[in-house]
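These numbers come from a predicted model, not from an experiment. Each residue takes its place number in the sequence, starting with 1.
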Amino acid sequence: VQLQASGGGFVQAGGSLRLSCVVSGIPFGSGIMSWYRQTPGKERELVAAFFGSGATNYADFAKGRFTISRDNAEDTLYLQMNSLKLEDTAVYYCNVVQGAPYWGQGTQVTVSS
């Protein structure tokens with residue numbers, strides 16, 4: 001099983017980034033597919049989740065700014081992040097739970113003023 005995350009980088013506050021996570025080795029779209037983030041000294045926290053039913057869930061800080069989506073044809077999970085703030089700076093991880101949890105390697109997002 002491999003989760004390959006990409007799309008992180010440097011962006012100014014107010015800008016946008018789109019993260020991608022290509023999933024291989026497990027059936028795409030079943031189970032729970034999520035994005036998490038982590039900053040040094042803090043616990044990893046949920047950003048957004050996509051359930052097998054198609055329902056989504058967002059952390060309060062992500063509502064109205066971030067959108068989780070998926071492309072079943074490309075086996076790719078996305079996180080569109082708009083109106084980025086300094087406090088969104090973190091390493092972002094994709095996660096799939098299908099019986100067991102699988103994690104991507106993380107992609108750094110740095111928001112500057």
For Met81 and Val109: C-alpha separation, side-chain torsions, deciding distance, then whether side chain to side chain contact (heavy atoms under 4.5 Å, CB included) applies.
CA-CA 10 Å; Met81 304 187 294; Val109 171; 3.8 Å; yes
Counting heavy atoms not belonging to Gln2, are there more than 12 under 6.0 Å from its CD?
no
Can you tell me if Phe10 has over 12 outside heavy atoms packed within less than 6.0 Å of its CZ?
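It does not: Phe10 CZ has 12 such atoms or fewer within range.
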From [X] [atom1] over to [Y] [atom2], what is the distance, rounded to the nearest 0.5 angstrom?
{"X": "Asn57", "Y": "Phe51", "atom1": "CG", "atom2": "CZ", "answer": "5.0 Å"}
{"X": "Leu19", "Y": "Tyr92", "atom1": "CG", "atom2": "OH", "answer": "7.5 Å"}
{"X": "Thr110", "Y": "Leu86", "atom1": "OG1", "atom2": "CG", "answer": "11.0 Å"}
{"X": "Ile68", "Y": "Gln80", "atom1": "CD1", "atom2": "CD", "answer": "12.5 Å"}
{"X": "Cys94", "Y": "Leu77", "atom1": "SG", "atom2": "CG", "answer": "6.5 Å"}
{"X": "Arg44", "Y": "Asn95", "atom1": "CZ", "atom2": "CG", "answer": "8.5 Å"}

Under the salt bridge (charged side-chain N to carboxylate O under 4.0 Å, His left out) test, which residues partner Lys63, sequence neighbours left out?
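Listed in chain order: Asp60.
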Is there a donor-acceptor pair under 3.5 Å between the side chain of Ser34 and the backbone N or O of Ala49?
no
Does the Gln98 side chain pair with the main chain of Pro27, one donor and one acceptor, at a distance under 3.5 Å?
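At least one qualifying donor-acceptor pair exists.
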Are [X] and [Y] close enough that some pair of their side-chain heavy atoms sits under 4.5 Å apart?
{"X": "Phe28", "Y": "Met33", "value": "yes"}
{"X": "Tyr58", "Y": "Leu46", "value": "no"}
{"X": "Thr39", "Y": "Thr89", "value": "no"}
{"X": "Leu17", "Y": "Leu84", "value": "yes"}

Compute the centroid of each ring, for Phe66 and then for Trp35, and state whether the two points are separated by less than 6.0 Å.
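They do not qualify: ring centres at least 6.0 Å apart.
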Go through the steps for Asp71 and Thr76 under the test side chain to side chain donor-acceptor pair (under 3.5 Å), then give the verdict.
CA-CA 5 Å; Asp71 184 333; Thr76 303; over 6 Å; no
Decide side chain to side chain contact (heavy atoms under 4.5 Å, CB included) for Tyr102 and Val23; before the verdict, give the C-alpha distance in whole Å, the side-chain angles of both, and the deciding distance to 0.1 Å.
CA-CA 10 Å; Tyr102 302 98; Val23 179; over 6 Å; no
For a quick test of reading the model, state the closest non-hydrogen atom pair linking Thr107 to Gly7 and the distance between them.
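Closest approach of Thr107 to Gly7, heavy atoms only: OG1-N, 4.1 Å.
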With salt bridge (charged side-chain N to carboxylate O under 4.0 Å, His left out) as the test, pick out the partner of Arg37 among Glu45, Glu43, Glu87.
Glu45
Please answer: with hydrophobic residues joined when any side-chain heavy atoms are less than 4.5 Å apart, are Val96 and Phe50 in the same cluster?
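Yes, Val96 and Phe50 fall within the same hydrophobic cluster.
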Are Val11 and Phe61 linked, directly or through intermediate hydrophobic residues, by side-chain heavy-atom contacts shorter than 4.5 Å (ILVMFWY only)?
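Yes, Phe61 connects to Val11 through the hydrophobic network.
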Does NZ or CZ of Arg70 fall inside the cone over Tyr78's six-membered ring, less than 6.0 Å from its centre and within 45° of the axis?
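Not flagged: Arg70 not positioned over aromatic ring of Tyr78.
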